[in-house]
Protein chains: 2
Amino acid sequence: MKEIEPRSTCPVSYTLDFFGDKWSLLIMRDMMLNNKSTYGEFLNSDEKIATNILADRLNMLEAYGFVTKKVAADKKSKFVYHLTEKGIELVPVVLEIALWGAKYHPSGMDRELSDALETDKAGTILRIQNLLRNKFLSFETI
Amino acid sequence: MKEIEPRSTCPVSYTLDFFGDKWSLLIMRDMMLNNKSTYGEFLNSDEKIATNILADRLNMLEAYGFVTKKVAADKKSKFVYHLTEKGIELVPVVLEIALWGAKYHPSGMDRELSDALETDKAGTILRIQNLLRNKFLSFETI
DNA sequence: TCACTTTACTTGCATTTTGCAAGTAAATTT
DNA sequence: AAATTTACTTGCAAAATGCAAGTAAAGTGA
């Protein structure tokens, strides 16, 4: 994993310095929408990420404070990743990306989610973000 | 420019098949927010894209219907790129990316834009999209 | 307790993508 | 007619990605 240095002062460019690749945001998606939290679960996603890339990206996400990494409560040989607040704040980005994709791709997008977003986008985003915050908290207090 | 084949049915993954790199969305940003429309203008952006990458990405954007390419009205040696409706529909994505970036990066984000988005996000997005549609139309009818 | 499995990686190497510098070519300007 | 602008292409080096195999700690079943 290489250190990231901003290419410019532009906020779009800055975000892409972290997430301008084919994989980082898919890991975020899995945490946000697919309730995944371990290396093995990320590895099993449909897109078939390579193991070295997954390890590299998880490192990056942790190093830059998008996720936390902790030993699992049940198994010491397992790590659990959770989104930080900084990561949770990317939910709107991922959802807009999903909405665009669903418009042009015969989609595996969840019908309930797309309906909820259509009815009340802002509210749906907040609900998802709060669920992710609670997940982190409940994990913390076990 | 390589042909793109979807890695999965996921709409997030599908969008990233096109825009999961460090440059494509910056060209879109330049068209959406910085009123740029020519090769030379894209080349002059702060991030300093390489000429071969720019050519490749413009090709991709045109091939997949995100932009149109036409000879400029004033100069036959110049091409003008404009966003298609499919491209304009990515405005929400770029703006969410910008909002996140502005939160974490001492930012070159336009104050007026960030204020307008804070006050009325949906309305601001629609206004920007309509401006882009009009730009295309006025160009068409000259 | 000892082999087997699960989980999370690392390593080595081939392929692909990106980056840089230089070159090309048509149109326009001087 | 020469210089400049505009939009690229080409060649090669460097970096990122992909694939297959290997490692190592922890947990499981006999």
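All values derive from a computational prediction rather than experimental measurement. Letters A, B, ... mirror the listed sequences (proteins, then strands); counts begin at 1.
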Visitor: With rounding to the nearest 0.5 Å, note down the distance linking OG in A/S24 to CG in B/L16.
Guide: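 Reported value, rounded in 0.5 Å steps: 9.0 Å.
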Visitor: Side-chain N or O of B/K76 versus OP1/OP2 of C/dT29: is the shortest distance under 4.0 Å?
Guide: no
Visitor: How close or far is atom P of C/dT7 from atom NZ of A/K75, stated in whole angstroms?
Guide: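 About 4 Å, once rounded to whole Å.
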Visitor: What's the closest nucleotide to the B/F79 side chain, out of C/dT10, D/dA7, D/dT6?
Guide: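 It is D/dA7.
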Visitor: Round to the nearest Å and state the distance from A/L54 atom CG to C/dT7 atom C1'.
Guide: 12 Å
Visitor: Taking all non-hydrogen atoms of both residues into account, name the closest pair between A/I49 and A/F42 and its distance.
Guide: CG2-O, 4.1 Å
Visitor: Can you tabulate the close N/O pairs, meaning under 3.5 Å, that link protein atoms to atoms of nucleotides 12-19 of chain C?
Guide:
unit_1 : atom_1 : unit_2 : atom_2 : d
C/dT18 : OP1    : B/R57  : NH2    : 3.0
C/dT18 : OP2    : B/R57  : NH2    : 2.8
C/dG19 : OP2    : B/W23  : NE1    : 2.8
C/dG19 : N7     : B/N52  : ND2    : 3.2

Visitor: How many Å lie between CD on A/E3 and C1' on D/dA15, as a whole number?
Guide: 16 Å
Visitor: Indicate whether the side chain of A/N130 and that of A/R133 have a donor and an acceptor atom separated by less than 3.5 Å.
Guide: yes
Visitor: Would the distance check show the side chain of B/H105 and the main-chain N or O of A/S8 forming a donor-acceptor pair, the cut-off being under 3.5 Å?
Guide: yes
Visitor: Measure the distance from CG on B/L58 to C1' on D/dT6 and round it to the nearest whole Å.
Guide: 13 Å
Visitor: Considering the options A/V67, A/D30, A/L83, A/V80, which one meets the side chain to side chain contact (heavy atoms under 4.5 Å, CB included) requirement together with A/S37?
Guide: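 Filter result, single survivor: A/V80.
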Visitor: Could you walk me through whether A/R57 and A/D21 pass the side chain to side chain contact (heavy atoms under 4.5 Å, CB included) check?
Guide: CA-CA 10 Å; A/R57 293 309 187 278; A/D21 76 285; 3.2 Å; yes
Visitor: Could you check which residues of residues 29-45 of chain B get a heavy atom under 4.0 Å from DNA chain C? Sort them by number, please.
Guide: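 Those residues whose heavy atoms fall under 4.0 Å from DNA chain C, taken from residues 29-45 of chain B, amount to none.
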Visitor: Going by atom types only, do B/K135 and B/N35 share a side-chain donor-acceptor pair under 3.5 Å?
Guide: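 Yes - a donor-acceptor pair under 3.5 Å links their side chains.
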Visitor: From CZ of A/R7 over to C1' of C/dC20, roughly how many Å is that when rounded to an integer?
Guide: 16 Å
Visitor: Provide, to the nearest angstrom, the distance between the OH atom belonging to A/Y81 and the P atom belonging to C/dA8.
Guide: 8 Å
Visitor: Quick check: A/Y64 with B/Y104 (ring centres under 6.0 Å apart)?
Guide: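 Not under 6.0 Å, so no.
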Visitor: For A/K48, which contact category applies under a 4.0 Å heavy-atom criterion: base, sugar-phosphate, or nothing?
Guide: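 Contact class for A/K48: none.
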Visitor: C/dT11 C1' sits how many Å from A/M1 CE, rounded?
Guide: 18 Å
Visitor: B/T51 has a side chain; which of C/dA22, C/dT6, C/dA8 sits nearest to it?
Guide: C/dA22
Visitor: Please name all residues satisfying side-chain hydrogen bond (donor to acceptor under 3.5 Å, both in side chains) with A/T15, sequence neighbours left out, ordered by chain then number.
Guide: none
Visitor: In whole angstrom, give the distance that lies between atom CG of A/D74 and atom P of C/dA8.
Guide: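 Rounded to whole Å, this separation is 10 Å.
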